[in-house]
Engineer: 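Here you go, one structure.
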Amino acid sequence: MTSRTPKYQTIARQLGDKLRLGQLDDDVKLPSVRTLSRELRVSINTVQQAYYCLESEGLVEARPQSGYYARSRSRRQDALPHHSQPTPGTHQSDQPAKDSLLLRLIGLQNQPDWLPFSMNVPAPGLIPIQKLNKALQQALRTMPNAGIGYDAIPGNLALRQQIARHTMFWGGNLTADELITTEGCTAALTLCLKAVTKPGDTVAVESPAYFGILQTVLSLELQVLELPTDPLTGIDLPTLDGHLKAGRVQACLFVTNFSNPLGSCMTDTGKQQLVRLLETYQVPLIEDDLYGDLHYASHRPVPCKAYDRQGLVLWCGSFSKTLAPGYRVGWVAPGRYYDALLQLKRFQAGVSPGITQQAIAHFLANDRYELHLHRLRKTLKSNCVRYQQTIRASFPAGTRISEPQGSFSLWLELDPAIDTVSLCEDLLLQKISIMPGSMFSLQPQYANCLRLSYGMTYDQRVEAGLQQIGQFVSQYYAG
């Protein structure tokens, strides 16, 4: 795939990878803007832009009249959730009780006067509803017979063309003929799993992992292998290598950009290493890139698909988290598995609804999507900072909080004595919902963790809700 990445983004990624991997000492002074400009033979403005990117990611800090310094890795790590350490094997710990609570939480998401911190979607106020309505009306006018007929099996052509065009933001050159649309991202992941596995196979995932992924894998009679995961950089590649070498893994399903719930984002180097590793063992990667467009830095993180040379990466995405949750419009670029996936969609899923796909295609065609994303990312980044500030001020000392650089999930790690399922039940009586950490594993772990969504714009009501959660947690400590 050809790269159209601006030079400053390339410099930021190269320096960022070194900082994330600890290849530069903590608090070391970085080369001055002029020095780096001279060494790399680029403009001063280019270097400044690169440093701005790294500063927004929390990797460097600017010190007045001194220059740029690598932000202390220890200071970043001390406040972060611990590196996860799941055990091998599928356990399904207390699954019926988890499913019951999950259904209750989902049922409450649209109730008035509730604070649904448990729901990982942007608030309706962050969605351009009127513009989407206009796009829908335009689709009704332009589609044959107002869209009541069947569309093509691969999906709406106009939408596939727009998705393919949008890949230029990460240096991709996919075509419409390489894409298949689906009813949301979960439908894409399900088709991918069916295409590359058979019952009894083992699928490797992050830990903690989104409960929807865990449920989907189990529903297909597959085994789950939860991998150790760093809160910043994602899965532990040496551990995965050991399992691949032993033949224990038949497929991988990873959220490489801003995983749910941890918020980790693999480095470019890590993604390249992952793809090369899977090529060695000829194991497919189902890449859930649902949150890639919700980045806070000036550039979009590339997906593993950008490094795919053999068609082993099945790249999945959706507009459910960025534009129109209820439209249920997703896609997959399945690489070498295209024919198998198309057959599965034909026989098991059928034709996708064309009218909503055409509407989103219209929305994307005149760059309204990029303008919307710019505003949404700005709001979410502000939300993240303000939510974190309130949590640090309201929760007991020692609470560990993730530092996502995209999406809208915060992962909190509390005192080991606290059970967040009990906390959840108490908060439901206050019309506040959270997502207990135990939902994100099939093993008996993360009982003292929780996920909070910051998809709601920060205001006095949200602030009061976060403070109330902190008060309940403090009472648990005192008890």
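Source: prediction; values computed, not measured. Hydrogens, waters and symmetry mates are skipped; everything else that's a heavy atom, side chains included, is used.
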Engineer: To the nearest 0.5 Å, what is the distance between NZ on K271 and CG on L285?
Structural biologist: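 One finds 11.0 Å between NZ of K271 and CG of L285.
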Engineer: Just so I know, are the side chains of N257 and H295 near enough to count as touching, which here means a heavy-atom distance under 4.5 Å?
Structural biologist: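 Result no, sub-4.5 Å side-chain heavy-atom pair not found.
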Engineer: Nearest 0.5 Å please: distance from the CG atom of L466 over to the OG atom of S394.
Structural biologist: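 The OG atom of S394 is 7.0 Å from CG of L466, to the nearest 0.5 Å.
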Engineer: Can any side-chain N or O of S318 pair as donor or acceptor with the backbone N or O of V329 at less than 3.5 Å?
Structural biologist: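 Confirmed, S318 side chain pairs with V329 backbone.
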Engineer: Taking Q49 for its side chain and Y8 for its backbone only, find out whether a donor-acceptor pair lies under 3.5 Å.
Structural biologist: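 Judged by distance alone, no pair lies under 3.5 Å.
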Engineer: Is it the case that the side chain of Q405 and the backbone of C265 share a donor-acceptor pair, with hydrogens and angles ignored and the cut-off at 3.5 Å?
Structural biologist: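 No; judged by distance alone, with no hydrogens or angles, the pair does not exist.
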Engineer: Would you say the side chains of Q357 and T181 form a donor-acceptor pair under 3.5 Å?
Structural biologist: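 Note: Q357 and T181 side chains meet the donor-acceptor criterion.
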Engineer: Short question: side chain of S219, backbone of T216 - any donor-acceptor pair under 3.5 Å?
Structural biologist: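 Answer holds: yes.
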Engineer: Taking atom types as modelled, find out whether T233 and T267 have a side-chain donor-acceptor pair closer than 3.5 angstrom.
Structural biologist: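 Side-chain D/A pair, T233 to T267: absent.
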Engineer: Looking only at non-hydrogen atoms, find the nearest pair between N260 and N120 and report the distance.
Structural biologist: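 Here N260 and N120 meet closest at ND2-ND2, 3.6 Å.
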Engineer: Can you name the closest pair of heavy atoms from A164 and L174 and give their distance?
Structural biologist: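 Scanning both residues completely, I find the closest heavy atoms to be CB-O, 3.3 Å.
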Engineer: Which pairs pass salt bridge (Lys or Arg N to Asp or Glu O under 4.0 Å) with one or both residues in residues 424-434, sequence neighbours excluded?
Structural biologist: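 The answer is R104-E425.
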Engineer: Counting only heavy atoms not in Q111 (residues, nucleotides, ligands), do more than 12 fall under 6.0 Å from its CD?
Structural biologist: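 For Q111, atom CD is crowded (more than 12 foreign heavy atoms under 6.0 Å).
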Engineer: Is there a side-chain contact between R328 and S320, using heavy atoms and a 4.5 Å cut-off?
Structural biologist: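 The answer is yes, as the side chains (C-beta and beyond) meet within the 4.5 Å cut-off.
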Engineer: Pair L237, L274 - check side chain to side chain contact (heavy atoms under 4.5 Å, CB included), show working.
Structural biologist: CA-CA 7 Å; L237 287 175; L274 172 60; 3.9 Å; yes
Engineer: Under a plain distance cut-off of 3.5 Å, with no hydrogens placed, do T390 and E463 share a side-chain donor-acceptor pair?
Structural biologist: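 No, no side-chain donor-acceptor contact under 3.5 Å.
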Engineer: Taking side chain to side chain contact (heavy atoms under 4.5 Å, CB included) as the criterion, tell me which of I213, V196, T197, V224 meets it with L253.
Structural biologist: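 Of the listed options, the one satisfying the test is I213.
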Engineer: Below 4.5 Å, heavy atoms only, C-beta onward: do Y476 and D415 meet side chain to side chain?
Structural biologist: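 No, their side chains stay 4.5 Å or more apart.
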Engineer: Taking the side chain from R400 and the backbone from L80, do they hold a donor-acceptor pair closer than 3.5 Å?
Structural biologist: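 Present.
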Engineer: Looking at K98 and L442, would you say the former's side chain and the latter's main chain have a donor-acceptor pair under 3.5 Å?
Structural biologist: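 Answer holds: no.
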Engineer: How long is the span from the CG atom in L380 to the OG atom in S407, to the nearest 0.5 Å?
Structural biologist: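 Reported value, rounded in 0.5 Å steps: 7.5 Å.
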Engineer: Would you say T175 and E178 are linked by a side-chain donor-acceptor pair, where the criterion is simply a distance under 3.5 Å?
Structural biologist: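 Note: E178 and T175 side chains meet the donor-acceptor criterion.
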Engineer: Do S264 and E206 meet the criterion of a side-chain donor-acceptor pair at a distance under 3.5 Å?
Structural biologist: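 No, no side-chain donor-acceptor pair sits under 3.5 Å.
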Engineer: Step through it carefully: locate the ring centre of Y51, locate the ring centre of Y68, and say whether they are under 6.0 Å apart.
Structural biologist: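 Between Y68 and Y51, which both carry aromatic rings, the centre distance is below 6.0 Å.
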Engineer: Could you check whether F319 and F363 have their ring centres less than 6.0 Å apart?
Structural biologist: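 F363 vs F319: aromatic centres not under 6.0 Å.
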Engineer: Just so I know, are the side chains of L227 and D236 near enough to count as touching, which here means a heavy-atom distance under 4.5 Å?
Structural biologist: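 A side-chain contact is absent here, since even the closest heavy-atom pair is not under 4.5 Å.
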Engineer: How about S409 and Y291: does a side-chain donor come under 3.5 Å of a side-chain acceptor?
Structural biologist: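 No, because no side-chain N or O of S409 sits under 3.5 Å from a partner of the opposite role on Y291.
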Engineer: Just one of S84, S438, P208, P86 clears the side chain to side chain contact (heavy atoms under 4.5 Å, CB included) bar with Q445, so which one?
Structural biologist: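 Among the candidates, only P86 passes.
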Engineer: Mark yes or no for whether E413, through its side chain, and G398, through its backbone, hold a donor-acceptor pair below 3.5 Å.
Structural biologist: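 Not a single qualifying donor-acceptor pair exists.
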Engineer: Report the C-alpha distance between N383 and V462 in whole Å, list the side-chain angles of each, state the deciding distance to 0.1 Å, and finish with yes or no for side chain to side chain contact (heavy atoms under 4.5 Å, CB included).
Structural biologist: CA-CA 10 Å; N383 282 358; V462 166; over 6 Å; no
Engineer: Would you mind listing every salt bridge (Lys or Arg N to Asp or Glu O under 4.0 Å) that reaches into residues 159-176, with sequence neighbours excluded?
Structural biologist: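 Found R165-D367.
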Engineer: What distance do I469 atom CD1 and I391 atom CD1 have between them, rounded to the nearest 0.5 Å?
Structural biologist: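 Answer for the CD1-CD1 pair, I469 versus I391, is 7.5 Å.
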Engineer: Heavy atoms, side chains only, cut-off 4.5 Å: are F408 and M456 in contact?
Structural biologist: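 No, side chains not in contact.
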Engineer: Using a 4.5 Å cut-off on heavy atoms from C-beta on, say whether the side chain of Q430 contacts that of F472.
Structural biologist: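 Heavy-atom side-chain distance check passes, below 4.5 Å.
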Engineer: Working to the nearest 0.5 Å, report the span between CD1 of I180 and CG of L344.
Structural biologist: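 Interatomic distance, I180 CD1 to L344 CG, rounded to 0.5 Å: 9.0 Å.
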Engineer: Which heavy atom of T420 sits nearest to which heavy atom of I434, and what is that distance?
Structural biologist: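 For T420 versus I434, the nearest heavy atoms are O-CD1, 4.1 Å.
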Engineer: Working to the nearest 0.5 Å, report the span between SG of C316 and NZ of K305.
Structural biologist: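 It is 9.5 Å, given to the nearest 0.5 Å.
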Engineer: Hey, does the side chain of R377 reach the backbone of G406 with a donor-acceptor pair shorter than 3.5 angstrom?
Structural biologist: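 No, R377 side chain to G406 backbone: no donor-acceptor pair under 3.5 Å.
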Engineer: Taking all non-hydrogen atoms of both residues into account, name the closest pair between L136 and Y327 and its distance.
Structural biologist: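 Scanning both residues completely, I find the closest heavy atoms to be CD2-OH, 3.9 Å.
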Engineer: Examine distances only and state if a side-chain atom of D289 and a backbone atom of P303 form a donor-acceptor pair shorter than 3.5 Å.
Structural biologist: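 No, D289 side chain to P303 backbone: no donor-acceptor pair under 3.5 Å.
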Engineer: Do Y387 side-chain atoms and L410 backbone N/O form a donor-acceptor pair below 3.5 Å?
Structural biologist: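 Here the side-chain-to-backbone pair does not exist.
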Engineer: Given the rule in the side chain to side chain contact (heavy atoms under 4.5 Å, CB included) test, do V255 and Y210 qualify, once you have shown the distances and angles that lead to the verdict?
Structural biologist: CA-CA 9 Å; V255 186; Y210 171 52; 5.9 Å; no
Engineer: With side chain to side chain contact (heavy atoms under 4.5 Å, CB included) as the test, would you mind laying out the steps for F440 and L214 before giving the verdict?
Structural biologist: CA-CA 8 Å; F440 299 89; L214 298 175; 5.6 Å; no
Engineer: I need the minimum non-hydrogen distance between L414 and L450, along with the two atoms involved.
Structural biologist: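 Of all heavy-atom pairs spanning L414 and L450, the closest is CD1-CD2, 3.6 Å.
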Engineer: Taking all heavy atoms of P404 and all of Y454, pick out the closest pair and write down the distance.
Structural biologist: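 Result for this residue pair: CG-OH, 3.5 Å.
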